[in-house]
Asks: 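Let me begin by handing over the structure; questions about it come next.
One-based numbering along the sequence shown. Bear in mind the structure is a predicted one, so any value in this text is a computation, not a measurement.
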Amino acid sequence: TVTATNSGGSKSFTLSITVNDVPPMNLAYSKNPALYTKDQPIIPDIPSSTGGLVVSYSINTALPLGLSFDTSTGVIDGTPTVRMDTNIYTVTATNSGGSASVNLSIKVQECFLFICSEKIVEPASVRPGGSRAAITAGGGHSCALVDGHAWCWGDQSPGGSGNGSVPEGAVPVRISGLASNLQSIAAGPSYACAIDGDGVACWGENTHGQLGNGSTLSSRVPVPVPSLSSRVQAIAAGTAHACAIDGDGVACWGENTYGQLGNGSTLSSRVPVLVPSLSSRIQDIAAGGAHTCAVAGDGVVCWGENTHGQLGNDSTINSRVPVKVAGSFSGVQAIAAGAAHTCAIVNGSVQCWGDNLRGQLGDGSTIESHAPIQVTGLTSGVHAIAAGAAHTCAIVKESVQCWGDNKHGQLGNGSTLSSPVPVPVAGLSSGVLAIAAGATHTCVFASDGIQCWGEDLHGQLGDGSAADRLVPVSVRLTGTDE
């Protein structure tokens, strides 16, 4: 009530005043359009706006099952549990001054073997060389990472496939007892190890302490490797020893008859031991039959057995500590180790050294080399390499070429004739993402899923047939969780 007064009297009137908030303006979500994946937790989507403080939010219809909408904050969160084609939702932000709305596009895709309803997704864990590979091959078993989980198939004695119950030759099963955010996986002849957010876990044969858990008892389920930190970047599995890049250094465990643990002794170790004298930052690591190699700084170093020159230092003398591989090695991108040979990607080309009885060095001969030699025809465009017992394969511009032993069809070219030079794998589509070579079989992640070829005595090809395959066959990833 306002009153105006003078000597003659006064006059009053009522004045009504309302102060409203500044209405919300420019309402937006960072993910718009939003593409989510079925059964994968989303990163919470938080709205932003200008203008006045928002009091409440509303949405015109329910979100896909598994997703939640907070009417106080407008945050969208959760894990979608159903696939859904694109749908448009209207979100409104309101205060006493008014409201603002935004149309939000949401689609939920379903992924299988990294093949999604929306697009093919390259596994984040894949990088050249395979030390963070999403697929690995051992002696009679194979494993792969799918959506952060480990799936294995093949030989079950004494537990290489890690599920403890499914007989060999069965289709793949998901391994229990592991985290759901696995970063890498590596397989030896009858054991395997995987990196999760907390360190490393291994399972399978443990005669030489290759599981790294302080015992020699084999395990059909994953057991943690102690003393490794959450900074483990890569892991490699040899015949009976394993190594990991932990921070800027390397730790190894298992059999050490030839010095393959690199700690200056020949005493086996049931727990990880540090490899000394590796001062440069380690970029990649590979474990072979009884030797180990790493990309360090501007070159490659190797240690362990050197009977066939697999250490690459122009000798055949075993070494208990790392020795530098001969030659100029600037631009080394990745390393792979077989039973007694080693190969490296150098500026897109491939060089190999060591045993060559089956032509696994790829230079057109069967003469072993104690220093690196160029693989015939692979001088550029190579971005991943894998070495089996006596064969080698490479991803070359999204296709695959293999060379060496082919007794079981592990070269994938439709024959069983060994080849001392690279030959193309038959029937693979483009878009090969990752590759792994087992003792006598080979597997890849390709645009149409996982495919394997070669020996299948223990079901390591994953197609349920137990018959050798001379060309790639699709892995039947339809097993059950274990």
Side-chain angles (χ1 to χ4, degrees), residues 128-131 137 236 238-239 283-296 299-316 319 323-396 400-406 410-412 418-425 435-440 442:
S131 65
T239 295
Q283 303 165 30
D284 199 8
I285 193 163
H291 73 290
T292 312
C293 293
V295 180
V300 176
V301 293
C302 298
W303 57 94
E305 185 180 10
N306 200 27
T307 306
H308 298 280
Q310 56 262 51
L311 302 190
N313 65 335
D314 213 12
S315 82
T316 55
S319 179
V323 293
K324 191 172 179 60
V325 172
S328 175
F329 269 90
S330 60
V332 180
Q333 298 163 272
I335 194 87
H341 76 290
T342 312
C343 294
I345 302 176
V346 186
N347 293 317
S349 69
V350 179
Q351 297 187 40
C352 297
W353 56 94
D355 187 20
N356 198 28
L357 182 63
R358 301 293 182 180
Q360 58 262 51
L361 300 190
D363 69 329
S365 79
T366 54
I367 301 171
E368 69 181 37
S369 177
H370 306 155
I373 54 176
Q374 176 67 48
V375 174
T376 301
L378 298 188
T379 57
S380 64
V382 179
H383 60 88
I385 190 88
H391 77 289
T392 315
C393 294
I395 300 178
V396 187
V400 175
Q401 296 190 40
C402 297
W403 58 97
D405 187 22
N406 198 29
Q410 56 263 50
L411 301 190
S418 298
S419 177
V421 295
V423 293
V425 175
I435 189 165
T440 52
T442 311

Asks: Please report the shortest heavy-atom distance between Gly438 and Ala137, naming the atom on each side.
Replies: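 Looking at all heavy atoms of both residues, the closest pair is N-CB, 3.3 Å.
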Asks: When rounded to the nearest 0.5 angstrom, what is the spacing between CD1 in Ile435 and NE2 in His383?
Replies: 10.0 Å
Asks: If you take all heavy atoms of Ala236 and Ala287, which pair is closest and at what distance?
Replies: CB-N, 3.6 Å
Asks: With a 4.5 Å heavy-atom cut-off, do Val300 and Ile335 have their side chains touching?
Replies: yes
Asks: Quick one: pull up CD1 in Ile385 and SG in Cys352 and give me the separation to the nearest 0.5 Å.
Replies: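 Spacing of CD1 (Ile385) from SG (Cys352) equals 5.5 Å.
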Asks: Between Leu361 and Ser369, is any pair of side-chain heavy atoms under 4.5 Å apart?
Replies: yes
Asks: Can you name the closest pair of heavy atoms from His291 and Ala337 and give their distance?
Replies: NE2-CB, 3.7 Å
Asks: Are Leu411 and Val425 packed together at the side-chain level, in the sense that at least one heavy-atom pair is separated by less than 4.5 angstrom?
Replies: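 Not touching, per the 4.5 Å side-chain cut-off.
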Asks: Any side-chain heavy atom of Val325 within less than 4.5 Å of one from Pro372?
Replies: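 SC-SC contact between Val325 and Pro372 confirmed.
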Asks: Rounded to the nearest 0.5 Å, what separation is found between the CD atom of Gln310 and the OG1 atom of Thr307?
Replies: 5.5 Å
Asks: Where is the tightest heavy-atom contact between Ala437 and Ala386, given as atom of each residue plus distance?
Replies: N-CB, 3.6 Å
Asks: Give me the atom names and distance for the closest heavy-atom approach of Pro422 to Gly362.
Replies: CD-O, 4.0 Å
Asks: Hey, could you give me the CG/CD1 distance between Asp363 and Ile373, rounded to the nearest 0.5 Å?
Replies: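 If I round to the nearest 0.5 Å, the distance is 3.5 Å.
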Asks: Closer than 3.5 angstrom, by distance alone: can the side chain of Asn356 be matched with the main-chain N or O of Ser365 as a donor-acceptor pair?
Replies: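 Flag set: sc Asn356 to bb Ser365 pair under 3.5 Å.
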Asks: With a 3.5 Å distance limit and no angle check, can you tell me whether Glu305 reaches the backbone of Gly309 through a side-chain donor-acceptor pair?
Replies: no
Asks: Do we see a donor-acceptor contact under 3.5 Å between the side chains of His341 and Thr392?
Replies: yes
Asks: Side chains of Ser419 and Asn406, heavy atoms from C-beta outward: is any pair under 4.5 Å?
Replies: no
Asks: Calculate, to the nearest 0.5 Å, the distance between atoms CD and OG belonging to Gln333 and Ser349 respectively.
Replies: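 Taking CD in Gln333 and OG in Ser349, the distance rounds to 8.0 Å.
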Asks: Looking just at side-chain N and O atoms, do Ser315 and Asn306 make a donor-acceptor pair shorter than 3.5 Å?
Replies: yes
Asks: To the nearest 0.5 Å, how far apart are NE2 in His308 and CG in Leu357?
Replies: 8.5 Å
Asks: Checking Asp314 side chain against Ala371 main chain: does a donor-acceptor pair fall under 3.5 Å?
Replies: no
Asks: Sub-3.5 Å donor-acceptor pair from the side chain of Gln401 to the main-chain atoms of Val396, do we have one?
Replies: no
Asks: State, yes or no, whether a side-chain contact exists between Cys302 and Thr292 at a heavy-atom distance under 4.5 Å.
Replies: no
Asks: Considering non-hydrogen atoms only, spot the tightest contact between Gly359 and Trp403 and give its length.
Replies: O-CD1, 3.4 Å
Asks: Taking the side chain as every heavy atom from C-beta outward, state whether Lys324 and Asn313 have any atom pair closer than 4.5 Å.
Replies: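 They are not in side-chain contact.
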